[in-house]
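First the structure, in the form of structure tokens, and then the observations on it.
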Amino acid sequence: MEIQLLGAVLKVPRPDLAARYLETCLSVQAFPTAAGFTLPCPGCNVILESVKAHAPFQTGPEGYYTGLCHLAFRSADLQKTIWHCEAAGIPLVGGSRISYNPLVWGTGMTYINPECDFGFGMEFCTRLDLSDTPSECAMEHIGIPTPKLPESIAWYQSLGFSIGTSSTIHRESDGAVILNAMMEGYGTILELYEFAGIDHEPFVDQPFACLRFAFSGEETEKALMGLGAEAAGSGTLVLTAPGGEKLEFVKGMNAS
């Protein structure tokens with residue numbers, strides 16, 4: 001399919017404040033647009049748009065809500081990233097402790113989570129399978145909790161994504177079993193994960209609104225319609241994934 005990823009769309013009442021927060025976290029410049037701001041970022045741009053109001057932030061047990069959840073950015077040195085956040089006055093979930101996931105990408109990943117008051121999750125991470133991590137800001141992955149991992153994997157494969165790695169994580173701290181798959185495609189990575197053995201419910205009207213793509217060609221349009229895409233205005237189609245997340249497709253490869 002002729003598809004190009006445009007970015008992750010976050011809809012918040014004050015895009016200027018969210019842009020300032022991300023600029024501070026990522027040390028990159030946000031550029032104003034007609035709808036809000038865009039932060040250019042290898043792996044996936046971050047698009048901030050204004051919304052008058054959104055539903056109260058949904059809270060529940062970890063993994064209960066499904067859909068678009070968090071943005072994870074690469075860090076060449078997590079200790080330096082911690083010092084940067086502390087100097088900027090950005091609290092970290094769990095303090096300065098660096099967490100470790102031993103199974104992702106075969107050799108594991110270390111990560112920290114800055115606190116975010118805008119309704120979407122933030123992460124900085126270092127992949128241990130890579131010998132060198134670029135120092136500039138780059139999106140490592142987009143986190144998407146799912147209700148049934150095999151169903152979500154198959155759905156994203158139908159869009160042209162492929163499995164980069166998969167694992168089953170048995171978390172010692174609380175006994176949680178987490179099924180994980182990193183899906184690669186269109187220059188980005190989607191982390192699909194399922195907390196096994198618990199109930200699930202999709203996020204509704206949350207700030208992480210959608211992933212936005214551009215598309216071209218009648219065959220691509222037919223394929224998207226065949227997957228259940230619905231029209232949402234002139235030249236725009238919307239797909240709803242198994243976890244409830246929205247993928248928006250704008251006609252024209254240069255759409256913005």
Side-chain angles (χ1 to χ4, degrees), residues 5-26 28-41 43-73 85 88-93 111-125 137-147 152 188-193 195 200-213 230 232-233 236 238-250 256:
L5 177 64
L6 298 176
V9 180
L10 309 172
K11 296 190 176 184
V12 294
R14 290 290 304 273
D16 57 327
L17 296 182
R20 190 180 309 163
Y21 166 80
L22 289 168
E23 285 180 324
T24 302
C25 279
L26 305 175
V28 298
Q29 182 180 356
F31 295 93
T33 65
F37 294 86
T38 294
L39 284 85
C41 186
C44 183
N45 294 332
V46 179
I47 301 170
L48 296 167
E49 295 183 350
S50 178
V51 63
K52 290 184 178 179
H54 50 67
F57 298 155
Q58 293 166 305
T59 58
E62 187 178 10
Y64 174 77
Y65 286 108
T66 63
L68 296 166
C69 179
H70 70 265
L71 304 174
F73 298 89
C85 289
I90 299 171
L92 298 171
V93 178
Y111 63 94
I112 59 173
N113 298 105
E115 292 186 9
C116 177
D117 295 330
F118 297 97
F120 54 90
M122 285 284 290
E123 178 181 312
F124 285 103
C125 58
C137 165
M139 185 79 71
E140 162 54 34
H141 63 261
I142 297 162
I144 307 175
T146 69
S152 290
T188 198
I189 299 171
L190 307 180
E191 180 190 25
L192 307 180
Y193 56 98
F195 276 71
H200 300 283
E201 180 182 336
F203 281 115
V204 177
D205 295 330
Q206 292 299 288
F208 201 154
C210 69
L211 296 178
R212 180 172 293 159
F213 297 80
E230 299 180 350
T236 301
V238 174
L239 276 173
T240 302
E245 64 270 22
K246 303 292 184 182
L247 280 67
E248 180 182 277
F249 297 85
V250 183
S256 60

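- For F203 and F208, the ring centers are positioned 6.0 Å apart or more.
- Proximity of L39 to L48: side-chain heavy atoms (C-beta onward) are separated by under 4.5 Å at one or more points.
- In this structure, NE2 on H70 lies 9.0 Å from OH on Y111, to the nearest 0.5 angstrom.
- Atom-to-atom distance recorded for N113:CG and E123:CD is 5.5 Å, nearest 0.5 angstrom.
- Under the 30°/60° scheme for interplanar angles, the aromatic rings of F213 and F249 are found to lie parallel.
- The environment of E115 atom CD is dense: over 12 non-hydrogen atoms of other residues, nucleotides or ligands sit within 6.0 angstrom.
- Ring orientation note: the planes of F120 and F118 are close to parallel, at an angle under 30° on the 30°/60° scale.
- Counting heavy atoms from C-beta outward, E245 and L211 have side chains that stay 4.5 Å or more apart.
- Here the shortest heavy-atom pairing between C137 and C41 reads SG-SG, 3.3 Å.
- Of all the heavy atoms in P202 and G244, the pair that sits closest is CB-CA, 4.2 Å.
- A 4.5 Å side-chain heavy-atom check between P114 and F124 finds at least one atom pair inside the cut-off.
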* Going through the checks in order, is the side-chain contact (heavy atoms from CB on, under 4.5 Å) test met by I144 and S152? -> CA-CA 10 Å; I144 307 175; S152 290; over 6 Å; no

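- Annotation for A88 and T24: closest pair CB-CG2, 3.5 Å, computed over non-hydrogen atoms.
- Between E62 atom CD and Y193 atom OH the span is 7.0 Å, to the nearest 0.5 Å.
- The CE atom of M139 sits 8.0 Å away from atom CG of N45, with the distance rounded to the nearest 0.5 Å.
- Here the CG-OG1 distance, from L190 to T146, works out to 11.5 Å after rounding to the nearest 0.5 Å.
- In this structure, L17 CG and L22 CG are separated by 11.0 Å, a value rounded to the nearest 0.5 Å.
- In plain terms, the two heavy atoms of V12 and P207 that are nearest each other are CG1-CB, 4.1 Å.
- In this structure, C210 and L247 have side chains that are not in contact, with every pair of non-hydrogen atoms separated by 4.5 Å or more.
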* **side-chain contact (heavy atoms from CB on, under 4.5 Å) evaluation trace for E248 with V9** => CA-CA 10 Å; E248 180 182 277; V9 180; 5.5 Å; no

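- Between the side chain of E140 and the backbone N or O of A72 there is no donor-acceptor pair closer than 3.5 Å.
- Taking all atoms of both residues into account, the shortest heavy-atom contact from K246 to T240 is NZ-OG1, 2.8 Å.
- Residues L6 and I47 approach most closely at O-CD1, 4.0 Å, considering heavy atoms.
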* Chi angles and distances behind the side-chain contact (heavy atoms from CB on, under 4.5 Å) call for Y21, M122 -> CA-CA 11 Å; Y21 166 80; M122 285 284 290; 3.6 Å; yes

